[in-house]
Amino acid sequence: MKHNPAFLALVESILPQITEVTIEHYQANQKYTLIDVREDHEWNKGHLPKAHHLGKGIIERDIETRFPDKDMPLALYCGGGYRSAMAALNLQVMGYSEVVSVAGGYKAWLERQLPLETD
């Protein structure tokens with residue numbers, strides 16, 4: 001998907017403010033609770049194993065109900081790492097102390113031919 005310049009500029013301005021991790025780092029650090037921030041139709045096509053779904057449109061509204069411990073390590077992912085970066089910043093602003101964005105997201109996972117789950 002080709003992204004619009006203003007969207008890319010927004011994400012670029014956010015990246016220095018968050019922590020991105022590689023898929024390999026996420027896999028090696030089982031401490032993270034994984035959250036998929038993609039849209040419902042994306043989630044339904046397949047998602048990473050053990051992921052919870054809180055789409056970008058509702059994560060800020062529902063995160064405290066689903067995950068009230070603001071010290072819980074959270075790893076967010078989306079299709080390519082942009083939406084998860086934006087969501088990671090928002091969760092940091094909301095007081096979550098250990099939230100990361102998985103660089104490359106679902107696309108990078110697929111490129112590595114790693115397993116998926118479907119509901």
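Quick note: residue numbers are just sequence positions, from 1.
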Can you see which heavy atom on [X] is nearest to which on [Y], and at what distance?
| X | Y | result |
| --- | --- | --- |
| Y96 | P68 | OH-CA, 4.4 Å |
| A88 | V99 | O-CG1, 3.7 Å |
| I23 | A103 | CG1-O, 4.4 Å |
| R66 | H53 | NH1-O, 3.3 Å |
| E20 | G81 | OE2-O, 4.5 Å |
| S101 | I18 | CB-CD1, 3.9 Å |

Just verifying a value: how many Å separate [X] [atom1] and [Y] [atom2], rounded to the nearest 0.5 Å?
| X | Y | atom1 | atom2 | answer |
| --- | --- | --- | --- | --- |
| L116 | L110 | CG | CG | 5.5 Å |
| I35 | T33 | CD1 | OG1 | 7.0 Å |
| E60 | D62 | CD | CG | 9.5 Å |

Exactly one of L91, L54, V100 should register a side chain to side chain contact (heavy atoms under 4.5 Å, CB included) with L76. Which one does? L91

Are K45 and E39 close enough for a salt bridge, meaning some N to O gap below 4.0 Å? no

Can a salt bridge be assigned to the pair K31 and E98 using a cut-off of 4.0 Å between side-chain N and carboxylate O?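 Looking at E98 together with K31, the answer is yes, because their closest N to O distance falls below 4.0 Å.
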
Would a 4.5 Å heavy-atom cut-off, applied to side chains only, mark [X] and [Y] as touching?
| X | Y | answer |
| --- | --- | --- |
| N90 | I59 | no |
| P49 | W109 | yes |
| R38 | K56 | no |

Would you sort out whether M86 and L10 count as a side chain to side chain contact (heavy atoms under 4.5 Å, CB included), showing the intermediate values? CA-CA 9 Å; M86 292 189 297; L10 174 62; 3.6 Å; yes

Side chain to side chain contact (heavy atoms under 4.5 Å, CB included) between H47 and E42: does it pass, once the steps are laid out? CA-CA 8 Å; H47 49 272; E42 295 172 291; over 6 Å; no

Do L74 and V37 belong to the same hydrophobic cluster, where Ile, Leu, Val, Met, Phe, Trp and Tyr are linked whenever their side-chain heavy atoms lie under 4.5 Å apart, directly or via other members?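 Linked within one cluster.
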
ILVMFWY network linking M94 to L89, side-chain heavy atoms under 4.5 angstrom: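 In one cluster: no.
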
Those residues that, when tested against H3, pass ring pair (Phe, Tyr, Trp, His ring centres under 6.0 Å) (two or more places apart): F7, Y82

Would you say the side-chain atoms of [X] pair up with the backbone N or O of [Y], donor to acceptor, closer than 3.5 Å?
| X | Y | result |
| --- | --- | --- |
| Y77 | L48 | yes |
| N4 | A6 | no |
| W43 | G55 | no |
| Q30 | Q27 | yes |

Test log, rule salt bridge (charged side-chain N to carboxylate O under 4.0 Å, His left out), inputs E64 and K70: CA-CA 8 Å; E64 290 177 292; K70 292 189 176 184; 3.0 Å; yes

Which residues share a side-chain hydrogen bond (donor to acceptor under 3.5 Å, both in side chains) with N29, sequence neighbours left out: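 For N29 the side-chain hydrogen bond (donor to acceptor under 3.5 Å, both in side chains) partners, ignoring immediate neighbours, are H25.
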
Decide side chain to side chain contact (heavy atoms under 4.5 Å, CB included) for D36 and H52; before the verdict, give the C-alpha distance in whole Å, the side-chain angles of both, and the deciding distance to 0.1 Å. CA-CA 6 Å; D36 185 324; H52 299 266; over 6 Å; no

Counting only heavy atoms not in Q113, do more than 12 fall under 6.0 Å of its CD? no

